[in-house]
Amino acid sequence: QVQLVESGGGLVQAGGSLRLSCVVSGFTFDTYGMGWFRQAPGKEREFVAAIRIGGDRYYADSVKGRFTISRDSAKNTVYLQMDSLKPEDTAVYSCAARKFGNIMSTNTYNYWGQGTQVTVSS
C-alpha cells in the first residue's frame, strides 16, 4: 500500500522557520522524483519545490532562496526546509511522487500525501 505521510507543519511567526518531512512507503523511493506543492484557501494547488533522483532541485520563484528541498534514501524521506517564512506562505503543503513528465506539474505526479497545514502569522 502506497503511503506518503507529511509532518512538521504548524503555526509560526513571519520570519520564522519550519521543516516539513514526508515519509514514503509502498514503492521504491529511489526511482521516483519527489515534489512539494501547496494549496491556500480559494486558490489552486501550486508547485513549491522538487528534487530528482539524481539530486537536481527546482523551486518556484516565490520560494527560491528561502526554501530547500532534500531527500534521504536511507529513511525514505523528503524534506522541505522553510526559512524566512511570510504570511503568503500559509497553505496546506503536500508531498508527491512521480516517475515521468514535467517535474513542476501537478498532473505528472502519481502519488500524493494528505498534506500538513502551515500557518504564518504577521
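Only a predicted model underlies this, so the values are computations on that prediction, with no experimental measurement involved. Numbering of residues begins at 1 and proceeds along the displayed sequence.
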*Asks:* Indicate, with yes or no, if Trp36 and Leu85 share a hydrophobic cluster defined by side-chain heavy-atom contacts under 4.5 Å among Ile, Leu, Val, Met, Phe, Trp and Tyr.
*Replies:* yes
*Asks:* How many angstroms lie between OG1 in Thr28 and CG in Asn76, if you round to the nearest 0.5 Å?
*Replies:*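 Reported value, rounded in 0.5 Å steps: 9.0 Å.
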*Asks:* Has the side chain of Glu46 got a donor or acceptor atom that lies under 3.5 Å from a matching backbone atom of Arg38?
*Replies:*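 Checked: no pair found.
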*Asks:* Look at the aromatic rings of Trp112 and Phe37 and report parallel, tilted or perpendicular, splitting at 30° and 60°.
*Replies:*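 Ring orientation of Trp112 relative to Phe37: tilted.
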*Asks:* Supply the atom-to-atom distance Phe27 CZ to Gln3 CD, rounded to the nearest 0.5 angstrom.
*Replies:*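 Interatomic distance, Phe27 CZ to Gln3 CD, rounded to 0.5 Å: 10.5 Å.
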*Asks:* How long is the span from the OG1 atom in Thr116 to the CG atom in Leu80, to the nearest 0.5 Å?
*Replies:*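 Separation between the atoms: 11.0 Å.
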*Asks:* With the 4.5 Å side-chain cut-off for hydrophobic clustering, are Val48 and Tyr109 part of the same group?
*Replies:*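 No, no single cluster joins them.
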*Asks:* Taking all non-hydrogen atoms of both residues into account, name the closest pair between Ile103 and Ala50 and its distance.
*Replies:* CG1-CB, 3.6 Å
*Asks:* Quick check on Lys75: does its NZ atom have over 12 non-hydrogen neighbours (other residues, nucleotides or ligands) under 6.0 Å away?
*Replies:* no
*Asks:* Looking at every non-hydrogen atom in both residues, tell me the closest pair between Asp83 and Ser17 and how far apart they are.
*Replies:*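 Looking at all heavy atoms of both residues, the closest pair is OD1-OG, 2.7 Å.
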*Asks:* Would you confirm whether Ser105, through its side chain, and Asn102, through its main-chain N or O, come within 3.5 Å as a donor-acceptor pair?
*Replies:* no
*Asks:* Under a single-linkage definition using a 4.5 Å side-chain heavy-atom cutoff for Ile, Leu, Val, Met, Phe, Trp and Tyr, are Met34 and Phe47 assigned to the same hydrophobic cluster?
*Replies:*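 No, Met34 does not connect to Phe47 through the hydrophobic network.
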*Asks:* Rounded to the nearest 0.5 Å, what's the gap from SG on Cys22 to OH on Tyr93? Could you check?
*Replies:* 15.0 Å
*Asks:* Using atom types as modelled and distance alone, determine if a side-chain donor or acceptor of Arg66 lies under 3.5 Å from a backbone N or O of Ser84.
*Replies:* yes
*Asks:* Between the main-chain N or O of Cys95 and the side-chain N or O of Glu6, is there a donor-acceptor pair closer than 3.5 Å?
*Replies:* yes
*Asks:* Using 0.5 Å steps for rounding, measure from the OH atom of Tyr58 to the CD1 atom of Ile69.
*Replies:*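 If I round to the nearest 0.5 Å, the distance is 11.5 Å.
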*Asks:* Looking only at non-hydrogen atoms, find the nearest pair between Tyr59 and Lys64 and report the distance.
*Replies:* O-CE, 3.7 Å
*Asks:* Check whether any side-chain heavy atom of Asn110 lies under 4.5 Å from a side-chain heavy atom of Val2, and answer yes or no.
*Replies:* no
*Asks:* What pair of heavy atoms forms the shortest contact from Gln117 to Ala91, and how long is it?
*Replies:*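 Smallest interatomic distance, heavy atoms only, reads NE2-O, 3.4 Å.
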*Asks:* So, the side chain of Arg71 versus the backbone of Phe29: is there a donor-acceptor pair under 3.5 Å, distance only?
*Replies:*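 It does hold such a pair.
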*Asks:* Spell out, yes or no, whether Val24 and Ile51 are grouped together once hydrophobic residues are joined by side-chain heavy atoms under 4.5 Å, including indirect joins.
*Replies:*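 Val24 and Ile51: one cluster.
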*Asks:* What heavy-atom pair brings Asp30 and Ser73 nearest, and what distance separates the two atoms?
*Replies:*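 For Asp30 versus Ser73, the nearest heavy atoms are OD1-OG, 2.6 Å.
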*Asks:* Within the side chain of Thr90, is there an N or O that forms a donor-acceptor pair under 3.5 Å with the backbone of Val120?
*Replies:* yes
*Asks:* Output all residues satisfying side chain to side chain contact (heavy atoms under 4.5 Å, CB included) with Ser122, sequence neighbours left out; order by chain, then residue number.
*Replies:*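 Pro87.
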*Asks:* Is there a continuous path of hydrophobic side-chain contacts, each under 4.5 Å between heavy atoms, that joins Val63 to Met82?
*Replies:*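 Yes, one cluster joins them.
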*Asks:* Please step through salt bridge (Lys or Arg N to Asp or Glu O under 4.0 Å) for the pair Lys86 and Asp89, ending with a clear verdict.
*Replies:* CA-CA 5 Å; Lys86 304 175 181 180; Asp89 294 319; over 6 Å; no
*Asks:* Which atom names give the shortest non-hydrogen contact between Leu4 and Ala97, and what distance separates them?
*Replies:*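 Minimum heavy-atom separation between Leu4 and Ala97: CD2-N, 4.2 Å.
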*Asks:* How long is the span from the OG1 atom in Thr106 to the CD atom in Glu44, to the nearest 0.5 Å?
*Replies:*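 Reported value, rounded in 0.5 Å steps: 8.5 Å.
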*Asks:* Quick one: are the ring centres of Tyr111 and Tyr32 less than 6.0 Å apart?
*Replies:* yes
